[in-house]
2 protein chains.
Amino acid sequence: MSIYQRIFTDVETKIISGDWRPGDRIPVEHELAAEYRCSRMTVSKALSALAERGMIVRRRKTGSFVASPQIDRTVMDIQDISTEAELAGHEHRFEILARKVERLGEAEAQQLSEPADAEVLRLQCLHIVDGRPNAIERRIIMLDAVPRARDESFASIPPGKWLLDEVPWSKAKHIIRAVSADTTTARILQTERGEACLSLIRQTWQNGRTVTYVEFTHPGDRFQFAGTFHPMAN
Amino acid sequence: MSIYQRIFTDVETKIISGDWRPGDRIPVEHELAAEYRCSRMTVSKALSALAERGMIVRRRKTGSFVASPQIDRTVMDIQDISTEAELAGHEHRFEILARKVERLGEAEAQQLSEPADAEVLRLQCLHIVDGRPNAIERRIIMLDAVPRARDESFASIPPGKWLLDEVPWSKAKHIIRAVSADTTTARILQTERGEACLSLIRQTWQNGRTVTYVEFTHPGDRFQFAGTFHPMAN
DNA sequence: TATATCTATTTGTATAGTCAAAAGCGGAGC
DNA sequence: GCTCCGCTTTTGACTATACAAATAGATATA
């Protein structure tokens, strides 16, 4: 493994593991060069690559800092709903419909590849944009990965946003599907039973452990994902 | 603009414009270094960045080549269906349901931001995976951007694949929605009227001109988009 | 013929430096 | 107080060079 790659992955690991948090200053180039016994060019290459990936921000004279989690880097990088809603200039609020601490069932445990007796916080939450139901959020938070969730009521901060603060960087897997609204879903979303809904499932890991598993169900007539792509990205 | 950036964008432009096509060999580093009157390091940096973006492939001794259009770089980078199907080991075939040359209507022209009288090839196509209908493809190909489409029957090659050969690199905008199947759609997809369907709309440009606009409608119970993300990507 | 070896080419990584641009900081002068 | 000037730190871009690794193609050998 090259020095450049070692620096890259070391810094990346520190950020993803939460060791270095958004806003933290990371050592300046000559310090890392001394630490890794290499030239400044090599460090510079690693940090520039991290900057290009959006993990750090670099500023002359002041240094390099861990970036805030990326918003909207790709379409799939769908952020917490309230952030999205605010960005677009809409009024967003949410209601906690259910909140309980329990242990994972056998079927779910298998689905998440987590032990069956793992303690989790199960949340159900309704998001309302401009006065209309916009999404049901069904979420599982692994309490051994995020113990502080046990004492959080989520009365004033949506779970997605709260988790973004707690666990800013992570690895995620997404699935997008179209599903028909069942009776309960239709009632909550104030739509028809059988209405086409867009379902986004996201499982998030940190250090190989599941942090959270969430399914957003959006009424098909009120929501879509969109994005522009370009080979060059950015 | 730095030399590094100039090389990067110059090469990128040549690829996206179709000047250099997939498989083409691009000048070796010392040639570009001579052309741009810079050191090989600078060229190397630019080409490495392009390689990281997946636009070129670099091999020692043999040189650097324009890559094949990226498959599966992000979830949104959903490729031509037959390619996807083959990759997953499924049997794929397709039928052309309709094919006609006409001029864009007022409403559509506005939607595509193209002149209302533009000549287009309108296609409707059914994709069948493992014997079951998997998607309806409704496509518009701009004939002034891709004149050769006029003489192509698409009997043996699906339009998406054909376009990928014609116009390998492009800029694209995607929209994902959930929609209910209307009567026609349901009949073609052999599903129920009202069934939740996943709709993927993609508009593709090259050199600022629309190349194609396509909507894929998948039965919700037979299709999903999935992908893993990671701050580092790759 | 088949296989092993050599050679030339091209990319990959790294060094040790230079100069420049950005920007925070402190002090001089008003 | 405020503004301007210069100093310093840090990143950014670049050079010229070196050597290593991969490998296609030619050559030599069994």
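Labels below follow one simple rule: chain letters A, B, ... track the order of the sequence lines, proteins then strands, and each chain is numbered from 1.
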Next item on the list: Would you check if F8(A) and M1(A) make a side-chain contact, meaning some heavy-atom pair closer than 4.5 Å?
Entry: no

Item checked: NZ/NE/NH1/NH2 to OD/OE distance under 4.0 Å, E52(A) and R53(B) -> yes

Notebook entry, point to check: Taking CD1 from I56(B) and P from dG12(C), how many angstroms apart are they, rounded to a whole number?
Noted result: 8 Å

Check: Start at the 5' end of DNA chain D and walk down; is the nucleotide closest to T42(B) or to G63(A) reached first?
Finding: G63(A)

Next item on the list: Please report, rounded to the nearest Å, how far the C1' atom of dT11(C) is from the CZ atom of R40(B).
Entry: 6 Å

Check: Base, sugar-phosphate alone, or nothing: which one does S64(A) contact when heavy atoms must sit under 4.0 Å apart?
Finding: sugar-phosphate

Next item on the list: Please tell me which of the listed nucleotides, dT15(C), dG12(D), dT15(D), lies nearest to the side chain of C38(B)?
Entry: dT15(D)

Notebook entry, point to check: How are the rings of W162(A) and F154(A) set to each other: parallel, tilted or perpendicular (split at 30° and 60°)?
Noted result: perpendicular

Next item on the list: Measure from the side chain of K61(B), starting at C-beta and using heavy atoms only, and say which of dG12(D), dT9(C), dA14(C) lies closest.
Entry: dT9(C)

Next item on the list: Under 4.0 Å between any heavy atoms, over every strand shown, what does R6(A) touch: base, sugar-phosphate, or nothing? Just pick one.
Entry: nothing

Next item on the list: Nearest whole angstrom, please: distance from the C1' of dG12(C) to the CD1 of I3(A).
Entry: 13 Å

Note to self: Would the base of dT11(D) count as contacting R60(A) through its side chain, where contact means a donor and an acceptor less than 3.5 Å apart?
What the structure shows: yes

